[in-house]
Amino acid sequence: MKDKVESGMIESKPSEKLHVLRGILLIMLSCILFVCNAEAIAIVQDSMEPFITWTGTGAFWLAVLTVALFWGMAYCLTGNMLVSYFLMLVSTVVLGMTNRVLILTRAQYVTLAEIDVLDEAAEVKVDMGVAFHPIIVAFVIIGLLLGMWMWLEIRKGKEYVQETSKKRKWIGRIAGIAGVVTLFCIIYFKPAQVQLEKSVTYRNMGNVFWFSQSIFSNAVKEISVEEVQNIYDDFVELGMKEETVSKKRPNVIVVMSEAFWDINNLEGLVEADENPMDRYFELAKEAITGQVAVNIYGGGTNNSEFEFLTGINTKYITNKNCYNEYFDKEQESLVSYLKEQGYYTMAFHPYDGDYWSREEGYANMGFDEFYSDVDFKNREMCHGYISDKAMTKEIIERFEEQKAINPEQSVFTFVVSVQNHVNDMGKFDEASAKEGCTGIGTTVLGDIADDESRENVEEYYNGMRETIEALEELLTYYRDYDEDTVVVFFGDHAPLFVNLITETDGKEEELNLYRTPYMIWTNYENDYEFYGDFNLSYLSAVLMDYLDLPKTRQYYVNKYMLENCRINTRYEKIASETLDEEKVMDEINAVLYMCDTFPEVEKALPYWQVVE
């Protein structure tokens, strides 16, 4: 009998070791599957090649380690291996699908800041044939098979597991949580801004990395209001000289045009009966023109809006929606600055006033009036939205009404259009979707685009013609107006459909996905200067310089960056040899104080106050 027991014990040791090896293999395969769920589901289109190439990088194994840590946390919290496995399976599939939709609509990965962006993305109709992919089914089936294997191994493992007390189990789980948190912090407690300055792109690192990175605060270091004040003073000292300050206060009309982008970038991808941009460039001969570099694609209009109205670069705002948080109370901005210069300030947006909290935000910026869709008297439609021509009529009528009340007061008008959104959003007028804005026929070359995307391309070309005609009507009105007036016109981001008609990965620079045209036009003679291409966040500083308006602290920050780092977005950086990287870090700290620390301590800086 003793021999049999000893014989059984000898036979059981290899079985137990084999079980342990199978368990290790199962855990490794599961972690790799979780990464595939999160990453491959997000980016795969016609082939797996981009993802397969990415698996040969260190970023892939960092993602494997990261999901292992998340799984370890789930296991420690639930105390059940099978439950934690299926929690990870479901959550990584959801993460992959979420990122798939966000990449299609925004060309970027989800972070904690993108919670509001997901609301916007959810309102945009994306063809399910594009959004859904057979690879998703394959990964889910593999996940279920691995789950069955794990269930069998857990049952088998009961033969080898010794019963432990509840106290020891809880101690082990608490120790496990502490270990996971510690290791996670060691890996990720590094400001995302530093990664961005090293040109570590979203696509290179993958969405697991960027989501994990966004868990931590933006702050590069603890910083006080006095230190930020000193940063601003240093920029003032660097750039301050005898500035020409004009007493002239021309009317200022600023139009941020929805998805206005140079369609010449689509040469070889789209054939059209007519190129609407030809007329735009004719108009541009009378103005200062170039391109502004933006931090967004396909949506997130509020980021571009925020950059122009504050002069703050949203490149560094990676884990929150600064627009909503910053303007939930009265704050300084270009608007408050112009009010101090004697302007009457009006904002227009022919869409829902609550969208991106504009109703509240505009009031807190200092706008005297805000006209949303419900306030528009001119309601002609184009592709389901109030048209740009109707918007132009509204601008002119409200402008004349205000001038009738106070003829001597200059007017600042800020406009955000909606017509060329193309994809349907919540307040979309289906009945008028096919009315007007037609006449240009288009052909999408290649076989990537689905029918809806091809239709969107044609709608966009016709919408662009309508937009440029509306711009010409605006310039024609002010050309003959008897007061000095400047019109600023620029696009907020490229249109969504570019991502749906061609493979854009690796071709962002070639397609200029993160550049949009701008124009500064006046109805009076001016010594036109050439500013070239630059960050959208510098545009308000360029306008102040061009009009010889009194200069502010934020102006001097952006003046330095304009001279030394003309383009500085999440996707592109063009710097001169004179750029002091320490000044870049100073700018980061100032931005993050304004958008991270300030909303908590409610102590703002007078960054839009005139420097005496």
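Quick caveat: nothing in here was measured; it's all calculated off a predicted structure.
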Can you tell me if [X] uses its side chain to pair, donor with acceptor, with the backbone of [Y] under 3.5 Å?
{"X": "N456", "Y": "F497", "result": "no"}
{"X": "T310", "Y": "I312", "result": "yes"}
{"X": "Y460", "Y": "L496", "result": "no"}
{"X": "N99", "Y": "A38", "result": "no"}
{"X": "D492", "Y": "M256", "result": "no"}
{"X": "Y514", "Y": "H493", "result": "no"}
{"X": "N295", "Y": "T569", "result": "no"}
{"X": "T516", "Y": "G491", "result": "yes"}
{"X": "D262", "Y": "N264", "result": "yes"}
{"X": "E572", "Y": "A293", "result": "no"}

Do you know the tightest heavy-atom contact between Y560 and D580?
-> OH-N, 3.1 Å

How many angstroms lie between atom CG of D388 and atom CG of L471, to the nearest 0.5 angstrom?
-> 9.5 Å

Step by step, would you call S537 with N558 a side chain to side chain donor-acceptor pair (under 3.5 Å)?
-> CA-CA 8 Å; S537 55; N558 287 335; 4.9 Å; no

Check Y607, Y232, Y337 against Q554 for a side chain to side chain donor-acceptor pair (under 3.5 Å) and give me the one that passes.
-> Y232

Pair F260 and F489, ring centroids less than 6.0 Å apart = yes

Pair T301, E258: side-chain N/O donor-acceptor within cut-off below 3.5 Å = yes

Once the angle between the rings of [X] and [Y] is folded into 0 to 90°, is it parallel (under 30°), tilted (30 to 60°) or perpendicular (over 60°)?
{"X": "W54", "Y": "F60", "result": "perpendicular"}
{"X": "F412", "Y": "F367", "result": "parallel"}
{"X": "F308", "Y": "F490", "result": "tilted"}

Not counting sequence neighbours, which residues clear side-chain contact (heavy atoms from CB on, under 4.5 Å) with N230? List them please.
-> D233

Residues which pass side-chain contact (heavy atoms from CB on, under 4.5 Å) with T53, listed by chain and number, not counting sequence neighbours = E49

